[in-house]
Amino acid sequence: MDDTTPPPPPAAAAEPPPPPTTSGSPTDFLKGVVGKRVVVRLTSGVDYRGILSCLDGYMNIALEQTEEHVNGRVTNRYGDAFIRGNNVLYISAAEPL
């Protein structure tokens, strides 16, 4: 190989697999994450991470083993936390489903 030919790309640079094509409703997602670790982002930007115990139609949430994260840092730990639904921006699964 001469100095002008670029080396071949490494084998690890293969294309990532396509995302899973799961089509479900938000209700299906929420039912699937009950009992699992989730991240709840509030409209204020604060994150709560814990195990989703239950939620209702108003998006009121009960979490267990809860950690409060502000600017990416843990600021508090709670056994149980109850979050009023009108403060919730989104709920995300913290582990693969």
Side-chain angles (χ1 to χ4, degrees):
M1 195 161 57
D2 62 3
D3 291 331
T4 60
T5 306
E15 286 188 37
T21 56
T22 56
S23 60
S25 70
T27 303
D28 294 337
F29 166 76
L30 292 171
K31 286 179 183 176
V33 295
V34 171
K36 297 191 175 158
R37 296 200 67 76
V38 295
V39 177
V40 178
R41 169 72 52 97
L42 302 187
T43 54
S44 65
V46 176
D47 287 347
Y48 287 88
R49 298 169 187 255
I51 298 171
L52 181 62
S53 178
C54 62
L55 73 158
D56 65 11
Y58 295 102
M59 205 66 76
N60 295 318
I61 296 171
L63 293 175
E64 299 172 349
Q65 301 173 19
T66 309
E67 294 179 338
E68 180 182 57
H69 293 252
V70 177
N71 297 325
R73 303 181 83 181
V74 176
T75 56
N76 227 327
R77 296 185 200 289
Y78 306 101
D80 295 330
F82 300 94
I83 302 170
R84 187 172 167 167
N86 68 332
N87 296 314
V88 175
L89 184 61
Y90 66 78
I91 302 173
S92 174
E95 56 190 34
L97 298 178

Find the distance between CG (Asp47) and CZ (Arg41) and round it off to the nearest 0.5 Å.
4.0 Å
Roughly how far, to the nearest 0.5 Å, is CD of Gln65 from OG of Ser53?
10.5 Å
Can you check whether Gly50's main-chain N or O pairs, donor with acceptor, with Thr66's side chain at less than 3.5 Å?
no
Single-linkage hydrophobic cluster Val39~Tyr78, side-chain heavy atoms < 4.5 angstrom:
no
Quick check: is Leu30 connected to Tyr90 through a chain of hydrophobic side chains (ILVMFWY, heavy atoms under 4.5 Å apart)?
no
Any Val38 side-chain heavy atom under 4.5 Å of Leu63 side chain:
yes
Is Ile51 reachable from Val33 through a run of hydrophobic residues whose side-chain heavy atoms are each under 4.5 Å from the next?
no
Are Phe29 and Leu52 linked, directly or through intermediate hydrophobic residues, by side-chain heavy-atom contacts shorter than 4.5 Å (ILVMFWY only)?
yes
Can you tell me how far the CD atom of Glu68 sits from the CZ atom of Arg73, to the nearest 0.5 Å?
13.5 Å
Greater than 12 external heavy atoms within 6.0 Å of Asn71's CG:
no
State, with a plain yes or no, whether a side-chain heavy atom of Leu55 is found less than 4.5 Å away from one of Val34.
yes
For residues Thr43 and Asn86, report the shortest heavy-atom separation together with the two atoms involved.
CG2-O, 4.5 Å
Just wondering, do Phe82 and Asn60 contact through their side chains at under 4.5 Å, heavy atoms?
no
A side-chain contact here means heavy atoms from C-beta on lying under 4.5 Å apart; do Met59 and Ile91 qualify?
yes
Reported CZ-to-NE2 distance for the pair Arg49 and His69, which is rounded to 0.5 angstrom:
4.5 Å
